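Take a look at the structure set out below.
These numbers come from a predicted model, not from an experiment. Lettering of chains follows the sequences in order, A, B, ..., and the numbering in each one begins at 1.
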Amino acid sequence: MSKANQIQAPKGVSEYLPPQSRKFESVRHALLEPAKSAGYELIELPVFEDTELFTRGVGESTDVVSKEMYTFEDRGGRSITLRPEGTAGVMRAVIEHGLDRGQLPVKLYYSGPFFRAERPQAGRYRQFYQVGIEAIGIQDAALDAEVIAIADAGFKSIGLKKYRLEITSLGDSASRAKHRVELVKFIEKLNLDEATRTRASINPLRLFDDKRDEIKDQMASAPLLLDFLSAESLKDFEDVQKHLKALKIDYIINPRMVRGLDYYTGTTFEFVHELLGAQSGIGGGGRYDGLMAQLGGQELSGIGFGLGIDRCVLAADAEGISFDQEFTSDLFIIPLGDESKSRALTVAQELQNAGFRVEISFGDRALKGSMKAADKSNAEYVLVLGDSEISSGTVELKQMSTGKTSSVTLTSLKDYLRSVSGK
RNA sequence: GUGGGCGUAGCUCAGCUGGUAGAGCACCCGGUUGUGGUCCGGGAUGUCGCGGGUUCGAGCCCCGUCGCUCACCCCA
């Protein structure tokens with residue numbers, strides 16, 4: 001098999017094959033459960049949207065929109081983009097279908113693939129998976145705290161320990177405007193290369209996030225947005241912290257935190273894992289005041305988060321967390337001879353319908369080979385189904401862990417399995 | 001878009017200063033009739049990423065190219 005002209009997966013996509021895929025499933029489940037427990041409901045949306053949704057919602061000045069979108073023209077000449085993040089799409093659906101006309105807040109959760117045309121690296125993929133929630137329509141520091149708590153509960157439920165929560169507040173627009181003037185003045189005096197200066201002119205906050213030492217050193221004395229918060233914004237931020245303390249959720253204030261999406265205002269947060277490489281953010285989110293209106297809806301505030309399933313899987317690996325749900329079947333049926341195959345299928349069907357996990361040995365391998373297959377499948381019990389069993393109606397059920405066999409009639413098989421498995 | 005590392009069997013890798021390819025795991029068959037795990041014996045599998053060059057001879061050297069990977073920008 002030559003690899004030269006083999007079709008490969010597109011560059012930079014994350015794929016989960018068994019048995020690794022079990023981890024993915026467990027992680028997604030763990031991240032989703034806390035949201036359900038808090039009364040959030042599923043919203044399932046398309047993975048592609050009108051391009052304008054993102055240019056208007058996420059912001060033209062962001063890297064996500066300016067250089068990382070998968071955009072193409074569909075057959076009707078419309079510009080379509082594979083969703084790079086989840087919030088904009090949720091807002092679109094909420095506005096379009098009037099979900100915000102009922103009781104507030106609207107509480108939604110979702111999970112699925114997202115797409116960004118970036119250069120891939122550890123923990124960064126072109127197709128990646130997120131779990132997200134959005135709570136729309138109520139401005140309340142307690143809600144901010146709940147959203148953060150839901151994310152935290154998800155990570156804890158995976159078993160993650162080596163992560164930290166960083167929070168800050170971007171304040172209201174007046175606070176940000178005041179700070180921006182001072183920050184721009186400060187940056188003008190710095191010694192920066194052309195590319196960095198251009199970046200700063202688009203959004204000066206971005207310089208806080210630069211990883212290069214020469215930039216970090218220069219930015220050490222830069223004016224911080226937190227120091228420019230209005231009394232109202234500050235009170236809100238303190239309330240969020242008060243609630244987090246009540247919830248016993250540890251956090252650190254990171255006044256230099258920058259988020260890549262333009263719509264954030266007020267409370268913003270990020271969960272950072274300590275054992276991952278350069279891409280260490282396992283989740284993040286914040287409040288967005290202007291987004292709904294920006295997209296043509298009411299002036300409603302919202303808050304939400306996106307958690308990276310891929311990165312959580314990597315983090316779980318890094319922490320050595322094992323997902324102990326081994327793939328085990330209750331019963332493995334080995335038919336001997338063509339006549340018995342049909343019978344094996346019907347026996348399996350009946351037991352599967354009764355809630356047991358039952359596998360069949362397919363093909364015409366020797367009994368020994370089938371036994372090995374049964375062994376590998378971790379089946380609890382094995383039964384050989386040949387002519388004599390079918391005519392007598394009685395099978396020898398072998399318990400693999402002990403090697404012991406017991407005679408059971410085919411008609412009582414279900415009851416027998418129930419009694420020994422407790423299912 | 002920019003930079004570093006790496007591309008040898010399904011997987012993990014070995015291959016000394018160039019002499020036409022190996023191990024472990026996994027897989028399949030067998031160790032006398034229809035009962036697994038251990039053990040023993042046997043077996044299949046590679047255009048050594050691709051193309052070109054140097055050489056009597058290249059997996060090993062040179063050039064190009066593609067891919068993977070890590071990092072920068074940025075982000076889940």
Side-chain angles (χ1 to χ4, degrees), chain A residues 1-6 8-14 17 31 58 61-68 83-87 111-132 151 193 195-196 198-199 202-203 206-207 209-213 215 257-261 270-273 276-285 305-315 332 334-337 340 361 363 365-379 381-389 395-405:
Chain A
M1 186 169 68
S2 78
K3 287 179 176 173
N5 47 12
Q6 268 261 292
Q8 293 177 278
K11 190 184 188 69
V13 298
S14 62
L17 319 175
L31 293 176
V58 178
S61 76
T62 61
D63 277 29
V64 168
V65 168
S66 63
K67 59 179 203 190
E68 294 170 1
R83 61 182 185 187
E85 61 92 53
T87 305
S111 105
F114 295 87
F115 308 84
R116 288 182 202 172
E118 305 174 88
R119 195 75 170 252
Q121 72 188 73
R124 186 169 70 189
Y125 308 102
R126 292 184 168 182
Q127 174 171 335
F128 56 98
Y129 295 85
Q130 276 188 200
V131 162
D193 60 274
T196 307
T198 308
R199 203 147 50 82
I202 295 167
N203 183 351
R206 292 277 147 71
L207 289 202
D209 212 22
D210 205 299
K211 288 179 185 170
R212 291 169 296 182
D213 284 337
I215 308 290
M257 187 169 85
V258 183
R259 308 232 7 112
L261 311 178
E270 208 165 87
F271 288 86
V272 180
H273 196 269
L276 295 183
Q279 310 308 320
S280 55
I282 51 176
F305 63 57
L307 313 181
I309 300 178
D310 310 273
R311 289 186 186 175
C312 284
V313 169
L314 293 174
F332 195 94
I334 301 174
L336 283 183
S340 60
S361 176
R365 64 210 326 180
L367 179 61
K368 179 168 178 164
S370 288
M371 286 302 294
K372 282 190 169 183
D375 192 42
K376 293 214 179 76
S377 78
N378 279 319
Y381 291 93
V382 171
L383 75 80
V384 173
L385 196 61
D387 294 341
S388 61
E389 284 82 3
V395 297
E396 290 297 312
L397 198 60
K398 178 166 186 173
Q399 182 171 32
M400 293 301 270
S401 51
T402 62
K404 287 181 184 148
T405 62

Aromatic ring of A:Phe128 stacked on base six-ring of B:A76, 5.5 Å, 30° | yes
Under 4.0 Å: is that the gap between some side-chain N or O of A:Gln121 and OP1 or OP2 of B:C70?
-> no
Just how far, in rounded Å, is P of B:A76 from CD1 of A:Ile282?
->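 Spelled out: CD1 on A:Ile282 to P on B:A76 is 12 Å.
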Return the value, rounded to whole Å, for the distance between atom OH of A:Tyr125 and atom P of B:C70.
-> 7 Å
Taking atom P in both B:C29 and B:U35, what distance in whole Å separates the two?
-> 16 Å
Rounded distance in Å between the P positions of B:U20 and B:G37 =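 Going atom to atom, P in each nucleotide, I get 40 Å.
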Partners passing salt bridge (charged side-chain N to carboxylate O under 4.0 Å, His left out) against [X] (at least two apart in sequence or in another chain):
X: A:Glu270; value: A:Arg259
X: A:Arg126; value: none
X: A:Lys67; value: A:Asp63

Would you indicate what A:Gly132 reaches in the nucleic acid, counting non-hydrogen atoms under 4.0 angstrom: base, sugar-phosphate, or nothing?
->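 A:Gly132: no heavy atom of the nucleic acid under 4.0 Å.
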Check whether any side-chain heavy atom of A:Met371 lies under 4.5 Å from a side-chain heavy atom of A:Met400, and answer yes or no.
->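 Heavy-atom side-chain distance check passes, below 4.5 Å.
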Short N/O separations, protein against nucleotides 2-4 of chain B, under 3.5 angstrom:
from: B:U2; atom 1: O4; to: A:Arg119; atom 2: NH1; distance (Å): 2.7

Tell me, please, which residues at least two apart from A:Thr402 pass side chain to side chain donor-acceptor pair (under 3.5 Å).
-> A:Gln399
Quick one: side chain to side chain donor-acceptor pair (under 3.5 Å) partners of A:Asp310, sequence neighbours excluded?
->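 For A:Asp310, the residues satisfying side chain to side chain donor-acceptor pair (under 3.5 Å) (neighbours in sequence not counted) are A:Ser14, A:Tyr16.
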Contacts of A:Tyr129 that satisfy ring pair (Phe, Tyr, Trp, His ring centres under 6.0 Å) - sequence neighbours left out |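 With neighbours one apart ignored, the set is A:Phe24.
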Side chain to side chain contact (heavy atoms under 4.5 Å, CB included) involving A:Ala379 - partner list, sequence neighbours excluded |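 Testing A:Ala379 for side chain to side chain contact (heavy atoms under 4.5 Å, CB included), a comparison that skips the adjacent residues, returns A:Ser329, A:Phe332, A:Ser377.
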Only counting residues at least two apart or in another chain, list the ones meeting side chain to side chain contact (heavy atoms under 4.5 Å, CB included) with A:Glu118.
->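 With sequence neighbours excluded, A:Glu118 shows a side chain to side chain contact (heavy atoms under 4.5 Å, CB included) to A:Glu68, A:Arg116, A:Arg124, given in chain and number order.
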For nucleotides 66-68 of chain B, which of its nitrogen or oxygen atoms have a protein nitrogen or oxygen under 3.5 Å away, and what is each distance?
from: B:C68; atom 1: OP2; to: A:Lys11; atom 2: NZ; distance (Å): 2.8

Given side chain to side chain contact (heavy atoms under 4.5 Å, CB included), test A:Ile334 with A:Arg365 step by step and report yes or no.
-> CA-CA 10 Å; A:Ile334 301 174; A:Arg365 64 210 326 180; over 6 Å; no
Looking only at N and O atoms, is any donor in the side chain of A:Gln127 or the base of B:A76 less than 3.5 Å from an acceptor on the other one?
-> no
Given B:C73, B:A76, B:A71, which nucleotide is nearest the side-chain atoms of A:Lys67?
->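 The answer is B:C73, which lies nearest to the side chain.
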Using a 4.0 Å cut-off on protein heavy atoms (strictly under), produce a 5'-to-3' string for nucleotides 32-45 of chain B with B for base contact, S for backbone-only sugar-phosphate contact, and - for none.
-> --BBBB--------
Pairwise 5' ranking along RNA chain B for A:Ala366 and A:Gly308, keeping only the more 5' one =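 It is A:Ala366 whose nearest nucleotide is closer to the 5' end.
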Under a 3.5 Å cutoff on both atom distances, Watson-Crick or G-U, what's the dot-bracket for RNA chain B ([ ] crossing, | other strand)?
-> (((((((..((((.....[..)))).(((((.......))))).....(((((..]....))))))))))))....
